[in-house]
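This report concerns only the one structure given below.
These figures come from a predicted structure and were not determined experimentally. We name chains A, B, ... by the order of the sequence lines, and we start the count at 1 in each one. Because only heavy atoms are used, hydrogens play no part in the values below, and waters and symmetry mates are left out as well, while side chains stay in.
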2 protein chains.
Amino acid sequence: MSTTMKDVARIAGVSISTVSKVINGSPTISQATIDRVNHAIKNLNYTPNERARNLARKSTKHVAFLTLVKRDMAFYNPHVFEIMLGSQQALSSRGYTMEFIGLKFKNLDVVKNLVESQKIDGMIVHASVITQEMTKFIVKSKIPHVIIGMPNFPNGVSWIDNDNNLSGQLATKHILSLEKEKIAFIGGKKNDLISELRLEGIKEELSHNMISMSDNHIIKTNSSFKDGYEATVKLLNDKERPNAIICANNLLDLGCIKALNDYSIKIPDEIAVVTFDDYPYAIITNPPTTAINIDVYDLGQQASRLLIEKIKKPNYHFQTYMTVPLLVTRESTRKTI
Amino acid sequence: MSTTMKDVARIAGVSISTVSKVINGSPTISQATIDRVNHAIKNLNYTPNERARNLARKSTKHVAFLTLVKRDMAFYNPHVFEIMLGSQQALSSRGYTMEFIGLKFKNLDVVKNLVESQKIDGMIVHASVITQEMTKFIVKSKIPHVIIGMPNFPNGVSWIDNDNNLSGQLATKHILSLEKEKIAFIGGKKNDLISELRLEGIKEELSHNMISMSDNHIIKTNSSFKDGYEATVKLLNDKERPNAIICANNLLDLGCIKALNDYSIKIPDEIAVVTFDDYPYAIITNPPTTAINIDVYDLGQQASRLLIEKIKKPNYHFQTYMTVPLLVTRESTRKTI
DNA sequence: TTGAAAGCGGTACCAC
DNA sequence: GTGGTACCGCTTTCAA
């Protein structure tokens with residue numbers, strides 16, 4: 001058998017409740033016994049049994065991180081893992097551990113069983129697995145939680161997200177500072193909420209500056225290299241050719257820059273380009289593309305921070321928390337002399 | 001209070017040990033009572049308390065996945081996460097859960113505490129966190145484990161890895177099938193074990209075919225775009241210019257292809273190119289690069305499978321398990337007509 | 001086929 | 001300050 005508290009108590013010549021108090025840093029123990037107990041712990045090389053503690057203290061210091069997963073996802077959607085990394089770091093620095101749960105579909109039963117089995121103190125849930133029914137369950141169960149990403153339906157859950165509207169504004173502000181006003185946008189289809197929010201931000205910033213955006217300059221498409229290429233060609237053929245293009249993601253950007261190069265358009269002199277997200281292609285386009293970067297690691301950290309806050313103070317409430325995007329300037333918007 | 005086994009027992013009119021047996025599928029219970037108990041469970045919406053089960057059964061059905069982590073790692077080193085994905089999938093399909101532990105350095109104390117706290121049944125450890133001291137501890141502790149990646153020192157641990165030697169052979173075989181024999185290799189420095197193993201495979205396959213490799217055609221460098229570019233230029237200037245180049249990774253490949261394009265070398269007619277790993281750049285080079293791909297998801301799955309095997313049969317032993325690389329043929333080695 | 005009861009290894013309240 | 005002890009909620013003999 002492995003050594004238990006009983007052994008420590010015996011060796012130290014105290015009761016097991018005293019040992020427990022020493023381990024948990026209770027203030028009511030004299031320094032002398034603290035030393036005796038710690039000495040015994042060292043000698044016996046004793047480590048508390050976490051399973052027993054979990055049962056006794058009715059909490060596990062264990063948090064679940066839930067996300068939808070697919071094969072190869074680490075390659076084409078690394079952001080989720082960077083969020084997870086931030087979450088885990090913030091959790092472990094506060095004495096919590098993290099269970100990673102990758103779901104193949106929005107599985108309500110798994111979530112239910114997870115919270116009802118009482119093996120976690122809270123959960124961080126990526127918006128990809130969320131359904132309206134699930135939010136209802138989460139709210140009713142009162143499990144401490146943070147959703148990563150704004151749900152696109154009414155809900156009572158606590159969520160945190162990047163400020164996508166602000167991202168759009170930032171991109172636009174930057175382009176306007178180059179004295180370019182004919183801005184085009186290549187983005188996702190209408191149901192792509194993030195793309196829509198960014199577009200809104202772009203429009204807002206433009207109207208602040210009394211500039212309107214031509215409908216022909218807004219292209220909603222899929223998110224492949226090819227789509228980016230074709231959208232760009234379409235923009236080049238528009239009767240009022242834009243002098244700046246904002247791409248909703250790296251793949252569209254890759255296609256866009258390729259098209260501009262093929263048509264011998266000077267970047268940024270004739271057309272400047274800005275993309276959202278910094279990875280993986282913004283760095284290697286020719287020229288490298290200016291990007292609005294989201295610090296997803298930070299997003300994960302904030303999520304954990306808020307979650308632990310909620311675990312500790314059950315009546316602590318928040319509905320939303322926005323993290324801030326960052327501009328990374330590169331040649332695609334750098335004025336040539 | 002939440003409902004417990006006691007409640008179920010009372011409602012079903014049986015003892016709690018009977019309830020336990022029903023839940024755990026004991027064969028000694030009559031169908032009639034099984035039905036009664038299950039009915040009560042449904043009615044009360046009862047879920048067993050996992051904390052209590054863990055303590056009572058002295059096992060947690062919980063496995064740790066350990067790896068070294070750094071900020072932005074999901075972007076520049078997604079492979080680890082794809083391995084994790086495979087592991088988690090294989091674990092959960094067998095009723096196990098996974099704790100993700102990202103370490104900032106090779107922290108022996110964390111590992112010790114992890115196994116001594118008895119909260120995991122086993123662990124999958126990425127080679128990035130392994131030290132010789134740690135392998136000693138792991139072996140001594142008898143904790144079921146699988147190391148992902150061959151340790152580069154003598155050890156008694158169980159590990160699993162891709163067959164990097166075979167990868168090198170595969171790349172070489174493919175190039176030889178194009179009737180090109182002057183093969184060059186751009187790889188990592190000497191301490192890069194994986195790169196060395198691949199090079200060995202290349203050499204082995206060549207010597208099988210009675211072909212020797214010029215020392216000038218082996219370049220060991222760092223792993224940046226720039227290094228790939230420069231190495232390629234050096235190869236182009238060699239008195240005996242190679243007609244095929246094997247790059248140890250995607251970034252080197254990116255630089256290599258760029259250099260070949262800048263020097264107007266026809267790919268693959270004048271020089272064919274093969275790279276290791278398929279992501280993220282092999283797909284987008286011009287032309288796209290043929291790659292030797294490692295199915296890291298599968299690697300993760302195998303690791304979990306073996307780990308659970310070991311958990312269930314403590315005297316089941318293995319030292320190594322090799323997964324097989326895959327050739328993805330693209331334009332960079334496709335014969336033009 | 002079922003149930004009583006002794007753990008599993010701690011925590012935390014309460015008495016001293 | 002310290003110790004006795006009743007749990008925490010389940011699993012697992014062992015006897016009936």
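Using the six-membered ring where Trp is involved, B/Phe81 and A/Phe81 have ring planes that are tilted, between 30° and 60° apart.
Nearest heavy atoms, A/Arg94 versus A/Arg305: NH2-CG, 3.1 Å.
Side-chain polar atoms of A/Ser17 and A/Ser20 form no donor-acceptor pair below 3.5 angstrom.
Side-chain contact check for A/Phe65 versus A/Leu91: every heavy-atom pair is 4.5 Å or farther apart. At least one side-chain heavy atom of A/Ile138 sits under 4.5 Å from a side-chain heavy atom of A/Ile130. Inter-residue side-chain proximity for B/Arg71 and A/Asp295 is flagged as met; some heavy-atom pair is nearer than 4.5 Å. Using a 4.5 Å heavy-atom cutoff, the side chains of B/Gln118 and B/Lys58 are not in contact. Side-chain contact between A/Ile311 and A/Tyr96 is present, with at least one heavy-atom pair separated by less than 4.5 Å.
The separation between A/Leu55 atom CG and C/dA12 atom C1' is 13 Å, rounded to whole Å. Whole-Å rounding puts the B/Lys119 NZ to C/dC8 C1' distance at 18 Å. One can place CZ of A/Arg51 at 9 Å from P of C/dG10, the figure rounded to the nearest angstrom. Look at CG on A/Asp7: it is 11 Å from C1' on C/dG9, rounded to the nearest Å.
Judged by distance alone, the side chain of B/Asp121 and the main-chain N or O of B/Thr60 form a donor-acceptor pair under 3.5 Å.
Contact annotation: B/Ser30 reaches the phosphate of C/dT2 (side-chain N/O to OP1 or OP2, under 4.0 Å).
Of the candidate nucleotides C/dC8, C/dT1, C/dA4, C/dA4 has the atom lying nearest to any side-chain atom of B/Ser15.
Residue-environment remark: NZ (B/Lys6) stays at or below the threshold of 12 foreign heavy atoms within 6.0 Å. Within a 6.0 Å sphere centred on CD of A/Gln132, other residues, nucleotides and ligands contribute more than 12 heavy atoms.
Comparing the axis of the opening five pairs of the helix from C/dT1-D/dA16 to C/dC16-D/dG1 with that of the closing five pairs yields an angle of 40°, rounded to 10°.
Of the residues in residues 33-45 of chain B, B/Thr33 come within less than 4.0 Å of DNA chain C through at least one heavy atom, sorted by number.
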* Where along nucleotides 10-16 of chain D does protein come under 4.0 Å, by heavy atom, of base (B) or sugar-phosphate alone (S), with - for untouched nucleotides? -> BBBB---
